[in-house]
Amino acid sequence: MKDENDGLAGAEGEERKLDFVRQIVADDLKTGKWNGVVCTRFPPEPNGYLHIGHAKSINLNYGIAAEFGGKFNLRFDDTNPEKEEQEYVDSIIADVRWLGADWQDRLFYGSDYFQQMYEWAVELIKKGKAYVCDLNADETREYRGTLTRPGKDSPYRNRSVEENLELFERMAKGEFPDGAKTLRARIDMAHPNLNMRDPIMYRIVHERHHRQGDRWCIYPMYDWAHGFEDSIEGITHSICTLEFENHRPLYDWFIDAVNEGRTDDGSGPWGRKIHHPQQIEFARLNLTYTVMSKRKLLRLVKERLVRGWDDPRMPTICGMRRRGFSPEAIRNFCKLIGVNKFNSTVEIALLEHCLREDLNKTSARVMAVLRPLKVVIDNYPADQVEELEAINNPEDPSAGTRKVPFSRELYIEQEDFMEEPPKKFFRLAPGREVRLRYAYFITCTDVIKDAEGNVVELHCTYDPATRGGDAPDGRKVKATLHWVSARHARKAEVRLYDNLFTKENPDDVEEGQDFTASLNPDSLEILTDCYVEPALAEAKALDRFQFERLGYFCVDPDSTPGTLTFNRTVGLRDTWARVQQKGEAV
RNA sequence: UGGGGAAUAGUGUAACGGUAGCACGACUGACUCUGGAUCAGUUAGUUCAGGUUCGAAUCCUGGUUCCCCAGCCA
């Protein structure tokens with residue numbers, strides 16, 4: 001922790017630029033506002049899977065704790081039994097851990113504080129700051145007024161403390177049906193901030209809670225619960241997203257209401273003051289060509305528009321993991337996008353940059369042919385096999401080398417051959433010589449076609465003097481192709497992914513349509529006739545590789561020794577594809 | 001129309017009254033046994049109008065635009 005603390009200054013010793021949240025934390029540390037304590041938290045509601053937007057929050061909160069020598073809590077904000085499930089709790093724990101945030105032994109549940117919250121609610125009633133209201137949901141809305149018109153007081157607003165106490169107790173005992181009564185804060189029905197118009201603190205819900213069982217039938221609302229969850233845990237900086245800015249006055253009001261009549265030494269009538277954290281809001285992450293709201297992601301899953309929460313096209317953490325993302329790539333992305341107070345949309349290209357940057361350094365290279373074209377080396381002995389040495393990772397010499405089998409019949413990529421090549425096409429063509437990576441120079445001598453005129457097989461000759469890939473006479477070739485030996489290759493299925501949506505902003509649709517109208521029909525392409533080099537036979541789920549010249553690939557959990565299955569995480573930067581596109585554009 | 005926030009290259013983000021910088025993208029070129037990686041370079045910006053100041057992205061005034069709020073969701 002010490003090192004990272006020192007890391008406030010960059011490696012070169014220059015000041016690291018602090019985002020506005022870190023600036024606040026640094027200032028608080030300087031002024032001693034919290035006596036040198038820093039405590040943050042990530043407070044997900046277990047009603048969905050985590051996505052890349054949550055990763056931004058996790059990295060912010062955990063990063064601050066780590067950098068400033070503080071603590072980081074993982075806390076489930078499980079105050080609504082109707083939406084929350086253990087499945088989500090489990091997935092969130094796994095995802096936060098995978099992302100590398102360490103909460104040590106501080107895994108908490110807001111629902112564990114229900115009794116304390118209940119007692120504070122009783123205290124507010126006694127202080128005349130809360131009342132039981134019999135208005136139903138529709139009436140409550142009517143009484144609330146509108147953005148421009150003030151609300152009006154509930155007819156139940158002036159019940160006596162005794163009556164409120166009795167009614168609230170009976171609510172908690174389960175004497176009333178769902179929705180019959182609420183406990184509300186007595187603030188100001190004419191307040192310009194609607195959140196302050198006597199907000200509901202408790203509602204009646206006869207529903208089994210995933211942790212509390214049937215112990216409660218009244219459940220606290222977010223505004224009432226959240227500040228106390230932070231307070232109880234000693235959170236110093238309660239970091240949340242922009243839409244809660246309007247709720248901050250209420251966050252503060254509730255804690256101040258409890259603290260009224262309390263003192264620092266506990267001498268007053270209500271005892272010792274409770275901790276009052278500072279809420280700070282930042283802008284949530286938006287990414288081009290994807291959606292980030294839980295509601296929309298849930299819809300994609302429920303309507304089977306994707307294969308599930310962990311579909312590799314999803315921006316969920318589990319989807320990205322299955323796609324082949326590394327936590328490091330995601331962390332670095334979060335570092336680059338920064339933190340601010342205004343809505344912005346980050347280009348997916350930046351995420352892909354971070355991905356490639358990490359994968360380039362860490363992925364073992366391997367050869368695979370996605371769309372095979374058979375090549376016969378006519379002058380190579382029919383029963384000969386050579387083991388050629390290949391480098392596992394040019395970016396990491398310690399990764400060593402491996403042997404790749406070479407024989408007379410090979411597969412190369414269909415797109416690496418053109419019968420009538422345009423000027424800028426450097427790869428194989430009739431009469432042209434190219435290099436097979438780590439193997440030999442070959443020259444195309446004959447093209448075999450089927451009845452429709454499709455190229456189905458190539459005949460070539462090889463130059464035995466170029467073994468290993470270098471010509472002793474110093475002659476050069478303009479292209480190096482990847483290949484696999486037909487006899488030794490393993491068959492594989494490869495799933496290619498593209499953006500899930502065709503539009504930068506999927507919500508940019510015509511009247512009457514919704515974001516599903518922007519779904520990309522070509523976001524998944526399954527190739528079943530692929531060949532990979534034999535070294536891959538042992539690959540395990542989630543192992544990451546670079547298929548040379550093609551991109552980064554990851555073993556899908558569906559993969560079995562019999563049917564190897566890979567996901568394309570992201571392609572390599574492809575200069576040739578761009579040259580081609582420009583050619584088409586002209 | 002009430003209240004709360006916010007505006008810096010195409011995108012994301014710095015500059016805290018003193019030369020508007022960085023990253024991604026795009027485009028050149030060098031190098032290369034991955035048309036990858038790497039390296040060098042080019043491109044392009046302070047929402048607008050006033051004011052204060054020797055000096056304004058930064059301070060002040062006014063305008064414009066965008067986001068959030070009327071769940072017994074979080």
Could you tell me whether the side chains of Y251(A) and D230(A) share a donor-acceptor contact shorter than 3.5 Å? yes

Would you classify P43(A) as touching base, sugar-phosphate or nothing, given that sugar-phosphate means primed atoms plus P, OP1 and OP2, and contacts are heavy atoms under 4.0 Å? nothing

Using a 4.0 Å heavy-atom cut-off across all strands, classify T288(A) as base, sugar-phosphate, or nothing. nothing

Between G36(B) and E548(A), counting only base atoms on the nucleotide and side-chain atoms on the residue, is there a donor-acceptor pair under 3.5 Å? no

RNA chain B: Y552(A) or L147(A), which has the more 5' nearest nucleotide? L147(A)

With a non-hydrogen cut-off below 4.0 angstrom, is P220(A) in contact with a base, only sugar-phosphate, or nothing? sugar-phosphate

Touch check for L242(A), heavy atoms < 4.0 angstrom, all strands: base, sugar-phosphate only, or nothing? nothing

Ranking C69(B), G35(B), A14(B) by distance to the side chain of N195(A), first place goes to C69(B)

Students often get this wrong, so: under 4.0 angstrom with heavy atoms, is D470(A) touching a base, only sugar-phosphate, or nothing? base

Syn if the chi torsion is within 90° of 0, anti otherwise; quick check, which is G71(B)? syn

Aromatic stack F426(A)/G35(B): centroid gap under 5.5 Å, interplanar angle under 30°: yes

With a 4.0 Å cutoff (strictly under), does any side-chain N or O of R141(A) reach OP1 or OP2 of G71(B)? yes

Quiz question: going by heavy-atom distance under 3.5 Å, is there a donor-acceptor pair between the base of G3(B) and the side chain of N246(A)? yes

From the candidates U1(B), G5(B), C72(B), the one with an atom nearest any side-chain atom of E245(A) is G5(B)

Figure out the NZ/C1' separation between K341(A) and U8(B), and round it to whole Å. 18 Å

Remember a base hit wins even if backbone is also touched, and classify E395(A) as base, sugar-phosphate or nothing at under 4.0 Å, heavy atoms. base

Is R549(A) near enough to G35(B) that one of its side-chain N or O atoms lies under 4.0 angstrom from OP1 or OP2? yes

Opposite nucleotide pairing with G2(B), Watson-Crick or G-U, both atom distances under 3.5 Å: C69(B)

Can you tell me the base-pairing partner of U28(B)? Count Watson-Crick or G-U wobble geometry only, both distances below 3.5 Å, and say none if there is no partner. A40(B)

Residue pair F547(A)/T140(A) against RNA chain B: nearer the 5' end by closest nucleotide is F547(A)

Over all strands shown, is N343(A) touching base, sugar-phosphate only, or nothing at heavy-atom distances under 4.0 angstrom? sugar-phosphate

T79(A) side chain N/O closer than 4.0 Å to the phosphate oxygens (OP1, OP2) of A74(B)? yes

Assess whether ring-ring contact (aromatic ring centres under 6.0 Å, His included) is satisfied between F254(A) and W224(A), documenting all intermediate values. CA-CA 7 Å; F254(A) 279 136; W224(A) 170 249; 4.9 Å; yes

Is any side-chain N or O of T575(A) closer than 4.0 Å to OP1 or OP2 of G36(B)? yes

So, D134(A) and R159(A), do they make that salt bridge, N to O below 4.0 Å? yes

Side chain of F244(A) only, please: which of A74(B), C72(B), U1(B) is the nearest? A74(B)

Rounded to whole Å, how long is the line connecting atom CG of L194(A) with atom C1' of G2(B)? 8 Å

Are Y131(A) and F168(A) close enough that their ring centers fall under 6.0 Å? no

Is the distance between the ring centroids of F501(A) and Y289(A) less than 6.0 Å? no

E233(A) side chain to Y113(A) side chain, donor-acceptor N/O pair below 3.5 angstrom: yes

Using OP1 and OP2 only, check whether a side-chain N or O of R578(A) sits under 4.0 Å from C27(B). yes

Using a cut-off of less than 4.0 Å, is there contact between a side-chain N or O of R144(A) and OP1 or OP2 of C72(B)? yes

Base, sugar-phosphate or nothing for L572(A)? Non-hydrogen atoms, less than 4.0 Å. base

Indicate, with a heavy-atom threshold strictly under 4.0 Å, whether F425(A) touches base, sugar-phosphate, or nothing. base

Mind checking if F342(A) touches a base, just sugar-phosphate, or nothing, with heavy atoms under 4.0 Å? sugar-phosphate

Under 4.0 Å, heavy atoms only, any strand: does R427(A) hit a base, just the sugar-phosphate, or nothing? base

Across the strands shown, which category fits Q546(A) at heavy-atom distances under 4.0 angstrom: base, sugar-phosphate, nothing? base

NA contact type, Q23(A), heavy-atom cut-off 4.0 Å: base, sugar-phosphate, or nothing? base

Using Watson-Crick or G-U wobble geometry with both distances under 3.5 Å, which nucleotide pairs with U64(B)? A7(B)

Under the 5.5 Å and 30° test, is W576(A) stacked on the base of G35(B)? yes

Side chains of Q212(A) and D112(A): is there a donor and an acceptor less than 3.5 Å apart? yes

Can R41(A) and S238(A) be counted as having a side-chain donor-acceptor contact under 3.5 angstrom? yes

Under 4.0 Å: is that the gap between some side-chain N or O of R197(A) and OP1 or OP2 of G71(B)? no

Taking any strand in view, what nucleotide pairs with G21(B) in a Watson-Crick or G-U wobble way, both distances under 3.5 Å? U13(B)

When all nucleic acid strands are considered with a 4.0 Å heavy-atom cut-off, which category describes K361(A): base, sugar-phosphate, or nothing? nothing

From the set C24(B), C73(B), A37(B), return the single nucleotide nearest to any side-chain atom of E347(A). C24(B)

To the nearest angstrom, how far is R356(A) atom CZ from U38(B) atom P? 11 Å

